[in-house]
Amino acid sequence: MPFLKSLNKLQLKAAIHTQGPLLVLAGAGSGKTRVLTSRIANLVVNEGVPPSEILAVTFTNKAAAAIKERLDRLIGSRAEELWTGTFHTIGLNILREENALAGHKKGLTIYDEEEQALLIRLVMSELGISEKKAPYKAVQFEINMARNENQTPSEYARKSNSILSGEVHAVFRAYEKKLEEAGAVDFGSLICAPIQLFSNNPAALERYSGRFRHILVDEYQDTNSSQYRLTRMLASKHRNLCVVGDPDQSIYGWRGADVKNILGFQEDYPDATFIKLEENYRSMKKILSAANSVISNNEQRLDKTLWTRNPDGKAPLYEQCMNEEREAAFIVSWIKKCLVEAPGLKLKDFVILYRTNTQSRPIEEMFFEESIAYAVVGGFKFYDRREIKDALAYLKALVNPDDSLNFLRIVNVPPRGIGRATLNKVHSLSKNKGLSLYEAFKEAASNTNFGNSGLRDFIGTFENLRREATERRPADIAERVFDLTGYMDFWSSKKTEDAMTRAKNLDGLVESIKKYETRYPKAGIADYLSLVALMSDADDYKENTDQVTLMTIHAAKGLEFPVVFMVGMEEGLFPHERSIDDEEGVEEERRLCYVGMTRAKRLLFMSSVKARSTGKEVCRRVTSRFIGEIDPAFLSIRTPKPPAPAKQSIEAIRKLLFT
DNA sequence: GTAATATAGCTTTTT
DNA sequence: GCTATATTAC
């Protein structure tokens, strides 16, 4: 088979292994994705396994799409039948399928972090728990951690030793009830609900564990306890579970990921085959050695040393810059130099990696000034904008009006005379009669005691839209909604620049729905909404356009670039001050550093600044310990000389003179 | 009762 | 720098 020819011995072994559990420890750049795809292709082509009986879980939906695409080249259109996606996508699909089977008509609205926070705060105020006693952020964190451990509210109460456990327990319970009433789920319940379903319903478990003859889980080091349980359940029948990962690249501990899942795999499955991929095909020797010397400072590690046949290449270069602007100038001058000296390189071969999203700004400004095309991945997303959130809330409310949270969000936007007093009245009506907010509004609209015409008009419009929605296409629906509710007009009638961009963004949203519509002709507006909710930052990385990419190191997981810049290599930023207190936190930061460094194929630049402006103050900064941990044999340190960007604007010179 | 305006507060990483 | 909340104006 042609797809097996290009593999090395160990990769091949992993690819053609067919029966029983398999653990693949795949170091950075060791050809993991190739192994995964060849393995699936081998199962289908040589072993005759129908693609529909294979489940491949990836970390992002983009990675899932990439696997499907590669597979499409190997086995053709049958790749479409494969079950792929993130744990969350898989969970959602299971819930949908089972809901349909059980005849539930309830909507499945996915609440993102912000919606979750709103609901928690609502619950807290109803329970009379003050923000001072229990900050909602802390409550939210506890609830999400409980979800990561697949705990119900009462299990949480039993096991938690948090000082807030009493309050959290109460909020958690009421929160679950509200979710249920709204037909909504949070991210965590997309994993927990299927587990619960399978525990209560052996026939359902039988269906799925029987269907998935082979299961592959990528990035297994970043699975949490719930995902672990779900995986075990799904694999319980056939036990053909292949997990792939690298403990050194575990960077989601703060989200409940537990490296023990991968480290303990052989205890869970004593008959598991174990394969270690240590040959790196990605990076030049000196880059790899530098990365290895950093990660070797971690105490808690599995024995593993990455090596490569690649040439030495150039040692990573570190420079301490005066401030953020100089750091940005440092990047720009090197990009320009590289483009001249290495004619094969294009803008899309460069990536700027940072610890926190806010770090992108000064770099963006410099790129703009120097007319360098760039794209920021993640960070402040299109879908995070207020007008887009409002617009999506309209669509969510339309699809699932019992989702009181989103209904509430839009009911008086734009202002239509439904203020606090009206809201209170409707709210008590809903409570007294046990109605959802929307049902209460409907009742209020037909009741003449509510002399509010704005309310009646809105409910009328909303009802009409709901009727229309059954026979229109998604983009059409969206356009009608924004039009008839006056939401589009709310922005486009204002003449401020801000309002105009918001109106334009709304048009952009309709455009994106149109694109979705042509791509998935059978899908409805509800499908679009869940896709948007589960879309990850990395999903909007476009490798085909020629522009420099800016992203967090977290988002860069699984990607590779010829030239990598890692900026802000400073104590307090990287490692971040909030993880500096305990050794485990620092070790995770170190793994993150390792992940960043191992993204680089040919050149790696690292930089820090001497003075950083945080808010109003300017702080002196100390070089990150990680720089000191790099074996000096594999690091060039440059003392900053006056930077000389090819084209200096008057403004840039002025800045140089006065800073 | 509702809408516009000032003020504080906040920014780790994300499905 | 930008948004949710509190206050004041209509």
Side-chain angles (χ1 to χ4, degrees), chain A residues 57-64 85-92 110-114 116-118 121 125 131 135-137 141 144 147-148 185-191 219 222-224 226-227 250-257 353-362 364-365 377-381 383-387 389-390 409 412-425 451-452 454-455 490 494 498 530-539 551-557 568 572-580 585 588-589 591-593 595-596 613-616:
Chain A
V57 186
T58 55
F59 199 73
T60 62
N61 287 305
K62 185 176 178 79
T86 62
F87 273 107
H88 296 89
T89 311
I90 306 285
L92 176 68
I110 301 165
Y111 279 1
D112 64 16
E113 206 121 293
E114 189 189 317
Q116 182 188 40
L118 280 169
R121 287 164 74 187
S125 75
E131 174 68 21
Y136 78 90
K137 284 262 181 203
F141 177 80
N144 284 333
R147 284 261 196 261
N148 291 335
V185 290
D186 58 30
F187 286 134
S189 25
L190 287 172
I191 319 294
E219 309 281 9
D222 280 321
T223 51
N224 64 31
S226 298
Q227 293 164 340
S250 162
I251 53 175
Y252 283 90
W254 51 274
R255 213 172 77 180
L353 300 179
Y354 36 77
R355 180 65 180 80
T356 63
N357 284 302
T358 46
Q359 289 170 257
S360 70
R361 188 154 245 129
E364 288 183 67
E365 280 165 11
V377 174
F380 193 70
K381 279 172 281 181
Y383 292 101
D384 289 336
R385 292 168 201 277
R386 209 188 73 204
E387 65 277 18
K389 284 244 167 197
D390 281 344
R409 179 175 180 134
N412 199 35
V413 181
R416 34 178 91 91
I418 304 169
R420 217 195 179 118
T422 312
L423 231 47
N424 278 340
K425 271 194 233 166
N452 192 328
L455 187 152
F490 176 60
K494 290 181 188 168
D498 175 74
S530 46
L531 179 91
V532 167
L534 293 180
M535 204 160 68
S536 63
D537 276 355
D539 290 344
M551 63 175 122
T552 62
I553 305 173
H554 280 94
K557 178 163 126 165
L573 188 58
F574 197 20
H576 198 273
E577 55 193 348
R578 291 175 77 152
S579 42
I580 231 158
E588 178 152 312
E589 296 284 306
R591 289 192 292 269
L592 190 58
C593 182
V595 167
S613 35
T614 47
K616 282 175 194 165

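All chains are named by letter (A, B, ...) in the order of the sequence lines, taking the proteins before the strands, and each is independently numbered beginning at 1. These numbers come from the heavy atoms of this one structure, side chains and all, not from hydrogens, waters or symmetry mates. Predicted model, so just to flag it, every value in this text is computed and none were measured.
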How is [X] classified with respect to the nucleic acid when contacts are heavy atoms under 4.0 Å: base, sugar-phosphate, or nothing?
{"X": "A:Thr358", "answer": "base"}
{"X": "A:Asn412", "answer": "sugar-phosphate"}
{"X": "A:Phe87", "answer": "nothing"}

Could you check how far [atom1] of [X] sits from [atom2] of [N], rounded to whole Å?
{"X": "A:Leu423", "N": "B:dG1", "atom1": "CG", "atom2": "P", "answer": "12 Å"}
{"X": "A:Tyr383", "N": "B:dT14", "atom1": "OH", "atom2": "P", "answer": "18 Å"}
{"X": "A:Leu190", "N": "B:dT15", "atom1": "CG", "atom2": "C1'", "answer": "9 Å"}
{"X": "A:Glu387", "N": "C:dT3", "atom1": "CD", "atom2": "P", "answer": "9 Å"}
{"X": "A:Ile251", "N": "B:dT12", "atom1": "CD1", "atom2": "P", "answer": "17 Å"}
{"X": "A:Tyr252", "N": "B:dT15", "atom1": "OH", "atom2": "P", "answer": "6 Å"}
{"X": "A:Glu219", "N": "B:dT14", "atom1": "CD", "atom2": "P", "answer": "15 Å"}
{"X": "A:Glu113", "N": "B:dT11", "atom1": "CD", "atom2": "P", "answer": "12 Å"}

Check this one for me: any side-chain N or O of [X] less than 4.0 Å away from OP1 or OP2 of [N]?
{"X": "A:Asn357", "N": "B:dT14", "value": "yes"}
{"X": "A:Arg578", "N": "B:dT12", "value": "yes"}
{"X": "A:Thr552", "N": "B:dT14", "value": "yes"}
{"X": "A:Thr422", "N": "B:dT2", "value": "yes"}

query = Looking at A:Pro575 and A:Ile580, what are the two nearest heavy atoms and their distance?
reply =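 Where A:Pro575 meets A:Ile580 most closely, the heavy atoms are O-CD1, 3.9 Å.
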Proximity to the side chain of [X] - top-ranked nucleotide from [options]:
{"X": "A:Ala421", "options": "B:dT13, B:dT11, B:dG1", "answer": "B:dG1"}
{"X": "A:Lys137", "options": "C:dA4, B:dT11, B:dT14", "answer": "B:dT11"}
{"X": "A:His554", "options": "B:dT14, B:dT12, C:dA4", "answer": "B:dT14"}

key: DNA chain B: 5'-proximal contact among A:Gly419 and A:Ser579 (nearest heavy atom)   =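 Looking at DNA chain B, the more 5' nearest nucleotide goes with A:Gly419.
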inquiry  = Judged by each residue's nearest nucleotide on DNA chain B, which is more toward the 5′ side, A:Gly417 or A:Phe187?
reply    =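 Result of the comparison: A:Gly417.
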query = Is NZ or CZ of A:Lys494 both nearer than 6.0 Å to the six-membered ring centre of A:Phe490 and within 45° of the ring axis?
reply =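 Judged by the rule, A:Lys494 and A:Phe490 form a cation-pi pair.
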ask   = Between A:Gln116 and A:Asn144, do the side chains contain an N or O donor and an N or O acceptor separated by less than 3.5 Å?
value =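 The answer is yes; a qualifying pair exists.
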ask   = Judged by atom type as modelled, is there a donor-acceptor pair below 3.5 Å linking the side chain of A:Asn61 to the main-chain atoms of A:Leu534?
value =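 Yes, the answer is positive, given that a donor and an acceptor are paired below the 3.5 Å cut-off.
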message = On DNA chain C, compare the nucleotides closest to A:Arg361 and A:Leu118; which residue's is nearer the 5' end?
response =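 This one resolves to A:Arg361.
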task = Starting at NE2 of A:His554, measure out to CG of A:Asp222 and round the result to the nearest 0.5 Å.
result =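 Reported to 0.5 Å precision, the distance equals 8.0 Å.
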ask   = Crowded around A:Tyr383 OH? As in, over 12 foreign heavy atoms under 6.0 Å?
value =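 Yes.
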ask   = Do A:Trp254 and the base of B:dT12 stack face to face, with centres under 5.5 Å apart and an angle between planes under 30°?
value =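 Stack criterion not met.
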